[in-house]
Amino acid sequence: MLTNTICTQKSLPSNHTTIIDLEEPMSNEIQVLEQQIAELQAKKKAILDGQRQEALELTRSNVRLYGFTAQELGLTAAVSSKKAQSATKEAKYQNPNNPAETWHGGKGPKPKWVRSLLEAGGRLEDCLINR
């Protein structure tokens, strides 16, 4: 097996030759640079982790000091679209026996008070909320 070859580089004087080791495609110099890069990246990560921890501690301290709420900090969980839709629907019907009980008239099972009203012969139209 041929382990070394001699190449003449066109950009160099004609009498200059370079020996390339074909069994070791990456030179030692490149390997050293790769190792230095890995070490520097690890050092960078350690520095950023330390700064992040300091920032987190300062933030927690400020939250306690000023009494910020999750909502003020924009940390409230997003409501799913179904929940958001049902939460924003206005009540269309109101229980005549208990005005605190309302229903939007949408999909899904009817509330107990509506079922009881209908079973007793009542009409849903009689429970419409006047707008």
Side-chain angles (χ1 to χ4, degrees):
M1 174 191 253
L2 185 66
T3 59
N4 292 323
T5 186
I6 299 176
C7 299
T8 305
Q9 295 181 348
K10 293 181 180 179
S11 62
L12 297 174
S14 60
N15 63 349
H16 188 279
T17 57
T18 302
I19 297 178
I20 300 174
D21 186 348
L22 296 177
E23 288 185 349
E24 189 177 323
M26 191 182 303
S27 71
N28 284 340
E29 184 179 3
I30 292 175
Q31 288 175 345
V32 168
L33 290 173
E34 292 289 341
Q35 179 62 34
Q36 289 174 345
I37 289 170
E39 290 170 2
L40 289 171
Q41 286 174 335
K43 185 176 181 179
K44 175 185 172 186
K45 183 182 181 321
I47 291 170
L48 289 175
D49 287 348
Q51 290 176 342
R52 185 178 188 280
Q53 188 60 38
E54 289 174 15
L56 182 60
E57 289 169 11
L58 179 62
T59 301
R60 285 180 177 155
S61 173
N62 283 333
V63 167
R64 282 190 297 272
L65 177 65
Y66 295 105
F68 292 121
T69 65
Q71 187 174 11
E72 288 175 315
L73 296 172
L75 302 175
T76 54
V79 178
S80 72
S81 60
K82 278 189 174 184
K83 285 185 180 180
Q85 288 174 358
S86 66
T88 59
K89 288 184 182 178
E90 288 186 37
K92 188 174 179 180
Y93 303 100
Q94 186 176 46
N95 183 347
N97 300 323
N98 182 358
E101 293 180 325
T102 59
W103 180 48
H104 56 75
K107 294 180 181 179
K110 294 177 177 76
K112 185 177 179 179
W113 70 266
V114 172
R115 290 192 312 263
S116 298
L117 175 87
L118 296 174
E119 288 170 3
R123 297 181 332 146
L124 200 53
E125 294 78 25
D126 295 335
C127 299
L128 280 170
I129 297 174
N130 294 330
R131 294 182 195 174

_For H104 against K92, the heavy-atom pair lying closest together_ = O-CB, 3.6 Å

*Non-hydrogen atoms of W103 and V114 that approach each other most closely*: CE3-CG2, 3.9 Å

*asked:* Counting neighbours of CD on E39 that are heavy atoms of other residues, nucleotides or ligands and sit closer than 6.0 Å, is the number greater than 12?
replied: yes

*asked:* Return the NZ to CD distance between K112 and E119, rounded to the nearest 0.5 Å.
replied: 10.0 Å

*Which pair of heavy atoms, one from L124 and one from L118, lies closest together, and at what distance?*
N-CD2, 4.1 Å

*Is R60 close to V63 at the side-chain level, that is, under 4.5 Å between some pair of heavy atoms?*
no

*Contact check, side chains of Y93 and L128, non-hydrogen atoms, under 4.5 Å*: yes

*What closest approach, in Å, do C127 and L117 show between heavy atoms, and which atom pair accounts for it?*
SG-CD2, 3.3 Å

*Does L58 share a hydrophobic cluster with F68, counting links as ILVMFWY side-chain heavy atoms below 4.5 Å and allowing steps through other members?*
no

_So which atom in T69 and which in E72 form the shortest heavy-atom distance, rounded to 0.1 Å?_
N-OE1, 2.9 Å

*Common cluster, L33/L40, ILVMFWY with side-chain heavy-atom separation under 4.5 Å*: no

_Using the rule given for side chain to side chain contact (heavy atoms under 4.5 Å, CB included), can you reason through L48 versus Q51, listing the C-alpha separation, both sets of side-chain angles and the distance that settles it, and then say yes or no?_
CA-CA 5 Å; L48 289 175; Q51 290 176 342; 3.7 Å; yes

*Have Q31 and Q35 got a donor and an acceptor in their side chains that come within less than 3.5 Å?*
no

*Would you confirm whether T59, through its side chain, and A55, through its main-chain N or O, come within 3.5 Å as a donor-acceptor pair?*
yes

*Of all heavy-atom pairs between K110 and R115, which one has the smallest distance, and what is that distance?*
O-NH1, 2.5 Å

_Using a 6.0 Å cut-off, check whether atom CD of Q71 has over 12 heavy atoms from anything other than its own residue._
no

_Connected via hydrophobic side-chain network under 4.5 Å: V32 and I37_ = no

*Test D49 against Q53 for side chain to side chain contact (heavy atoms under 4.5 Å, CB included), laying out the working first.*
CA-CA 6 Å; D49 287 348; Q53 188 60 38; over 6 Å; no

